[in-house]
Structures are given as structure tokens and as C-alpha cells.
Amino acid sequence: MQTTAPANPDYRSAGFLTSASKLSQCPEDSGWEVAFAGRSNAGKSSAINSLTGNTKLARTSRTPGRTQLINFFTVSEQQRLVDLPGYGFAKVPLAVKREWTRQLENYLQKRQSLRGLILLMDVRHPLQAFDQQMLTWAIAASMPVHILLTKADKLKNGPARNTLLQVQKELRPHGELVSVQLFSALKHSGHKELIAVLNAWLTEPWQASEGEIEAEPETGA
């Protein structure tokens, strides 16, 4: 069934939709959505709040890893932004970390309405082990990834640009599937480039095939 994409959304109109602790609790798997993922201290919620102009939309905390739910925000009737739990979070039992690793992998591989992944990394510490794992999952699912090198205001322009070039070089083997930019939630810089990527993903016409795999219902907590 051919699905006609909607127009560019107004990110300033973003509103909270719902939270889910696992894939089976997510909203109906239809329309278009883009997920934001990153380590707990990468500034993920701050980036969403900066993009939408709403400092209270995505929960921020001085304690990394406090947000452990998949949070959905609407930017139109058919388009959503998704705030994934911070991975690698500290002061959480190992069993919880393993469960969230499983849920993140389930979401990335099975969510049919997911059109792309915004992966956030602190510009001072890019491409850590967990970041590489997220890239591996996304690439395995042929999911396009756009990396935000956050907290760019923490570095002078020269070192920040050098880091950008180094990351671009390392990601070159992945071709057009992975792109990267500098971003600062504090300075509200990098919005134009980010919005161009989001608009492309959230308005891309797509063909829903008859053979799409539906996520199996999950049991347990």
C-alpha cells in the first residue's frame, strides 16, 4: 500500500504523546518517526528541547540515565520524534542495562515507521563503544544515521572542526548511510542542518510491502 508523505512538520509545535518501556507498548506503528539516541551524558534531551524551543519537553537531569522510557512526541498527526533511553547509564543494575539493550535493539530492528536515527555524541568523546554498537545495529537494519557532535560550544572552532573531520573520515566506509555535524544546544547552533535531515526523513514517500514483519507481542516485565 502506497503511503503519501505529509508536509514538513513544525518542530515548535511538538507535544508529548506517550511513554513506553518496551516495543509492544509503543504507539501504533504507522506514519513517520525519527529517533534520538545517545549516551546518557551526550545532551540528547537538551538537543530535542533546543530544536523544539521547549525547555520542558524532553526530561533533562543532572543524574545521567534517569530517563529509562521510550518517549514519543508528535510534530504532526503522522510524524513523531522519539527520545530513546540513554544507553550506558550509570548507577543502574546490570540486569536493567541488559534489558534496555535488548529493547533498544528490538526498537531499531522492528519499528516499521522509524525512518532514521539521530545519534548524539559528546564532541569531546565521539565514537565510544556504545556509539559503535548503535551504529552496528542501525547499519544492519539499513537505517540511515545522522550524528550530532553535541556540546560543540565546549571546544574552540578549530578543535571542533578537526574532530568533525576525523569522525567523517572514520565513517566514510558507510557511505551516504551515515552523516555527521556539529551541534550545540546551549548556543542553539546546528538547527538548520539538523532540520534539513529531519524534514527529508519525515516527508519521504515509502512503500509498505505486504511482507512487512510485525513485532511479536512480548511477555514479562
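- Scanning all heavy atoms of the two residues, the minimum distance from Ala160 to Leu182 falls at O-CD2, 3.7 Å.
- In this structure, the side chain of Thr203 does not engage the main chain of Pro6 through any donor-acceptor pair within 3.5 Å.
- Ring pair Phe73/Phe16 is perpendicular by interplanar angle, where above 60° counts as perpendicular and below 30° as parallel.
- Atom CD of residue Gln103 and atom CG of residue Leu69 lie 11.0 Å apart, to the nearest 0.5 angstrom.
- Atom CG of Leu23 is separated from atom CG of Leu104 by 11.0 Å, given to the nearest 0.5 angstrom.
- Between the side chain of Ser50 and the backbone N or O of Ser46 there is no donor-acceptor pair closer than 3.5 Å.
- Taking each heavy atom of Ala37 and Met134 in turn, the nearest pair found is CB-CE, 3.5 Å.
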Show, in sequence, the C-alpha distance, side-chain angles and deciding distance for Arg102 and Asn106, and conclude whether the side-chain contact (heavy atoms from CB on, under 4.5 Å) test is met.
CA-CA 6 Å; Arg102 188 173 73 87; Asn106 278 341; 3.7 Å; yes
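- Side chain of Asp131 to backbone of Gln128: a donor-acceptor contact under 3.5 angstrom is found.
- For the residue pair Tyr11 and Asn54, no side-chain donor N or O sits within less than 3.5 Å of a side-chain acceptor on the partner.
- Partners of Arg124 under the salt bridge (charged side-chain N to carboxylate O under 4.0 Å, His left out) rule, at least two apart in sequence or in another chain, are Asp122.
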Which is it for Leu51 and Leu81 under the side-chain contact (heavy atoms from CB on, under 4.5 Å) test, yes or no, and what are the steps along the way?
CA-CA 11 Å; Leu51 170 69; Leu81 302 180; 4.1 Å; yes
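- Minimum interatomic distance between Ala152 and Ser184 (heavy atoms only, all atoms of both residues): N-CB, 4.3 Å.
- Contact check for Thr52 versus Val75: no side-chain heavy atoms found under the 4.5 Å cut-off.
- Between the side chain of Trp32 and the main chain of Arg115, no donor-acceptor pair closer than 3.5 Å is present.
- You'll find the side chain of His191 reaches within 4.5 Å of the side chain of Phe183, heavy atoms only.
- Linking ILVMFWY side-chain heavy atoms closer than 4.5 Å, directly or via other members, places Val123 and Leu165 in two distinct hydrophobic clusters.
- Proximity of a side-chain donor or acceptor of Glu105 to a complementary backbone N or O of Trp137 within less than 3.5 Å is not detected.
- Of the inter-residue distances, the one linking Asn8 atom CG with Asn199 atom CG reads 3.5 Å to the nearest 0.5 angstrom.
- The closest side-chain heavy-atom distance from Lys169 to Gln166 is not below 4.5 Å.
- The shortest non-hydrogen separation linking Val82 to Tyr107 is CG2-OH, 3.5 Å.
- Distance check: Leu135 CG to Met121 CE gives 5.0 Å after rounding to the nearest 0.5 Å.
- When all heavy atoms of Ile70 and Cys26 are compared, the closest pair comes out as CD1-SG, 4.4 Å.
- With Lys44 as reference, Asp83 is the one residue of Thr150, Asp83, Asn49 to meet the side chain to side chain donor-acceptor pair (under 3.5 Å) rule.
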His146 and Val180: CA distance, side-chain angles, deciding distance, side-chain contact (heavy atoms from CB on, under 4.5 Å) verdict:
CA-CA 5 Å; His146 185 65; Val180 59; 5.9 Å; no
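- Between Leu108 and Ala141, the shortest heavy-atom contact is O-CB, 4.1 Å.
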Could you walk me through whether Trp201 and Ile118 pass the side-chain contact (heavy atoms from CB on, under 4.5 Å) test, one step at a time?
CA-CA 11 Å; Trp201 289 348; Ile118 302 296; 3.6 Å; yes
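- For the atom pair CD1 (Ile48) and CG (Leu194), the distance works out to 10.0 Å, reported to the nearest 0.5 Å.
- Here the CD1-NE2 distance, from Ile139 to His174, works out to 3.5 Å after rounding to the nearest 0.5 Å.
- Checked for salt-bridge contact, Arg111 and Asp29 meet the test: a charged N lies under 4.0 Å from a carboxylate O.
- In this structure, Leu57 is not a member of the same hydrophobic cluster as Leu186, with clusters built from ILVMFWY side-chain heavy atoms closer than 4.5 Å.
- A donor-acceptor pair under 3.5 Å links the side-chain atoms of Gln79 to the main chain of Ala7, judged by distance alone.
- Considering Val197, Leu177, Val178 in turn, Leu177 is the only one that fulfils the side chain to side chain contact (heavy atoms under 4.5 Å, CB included) rule with Pro144.
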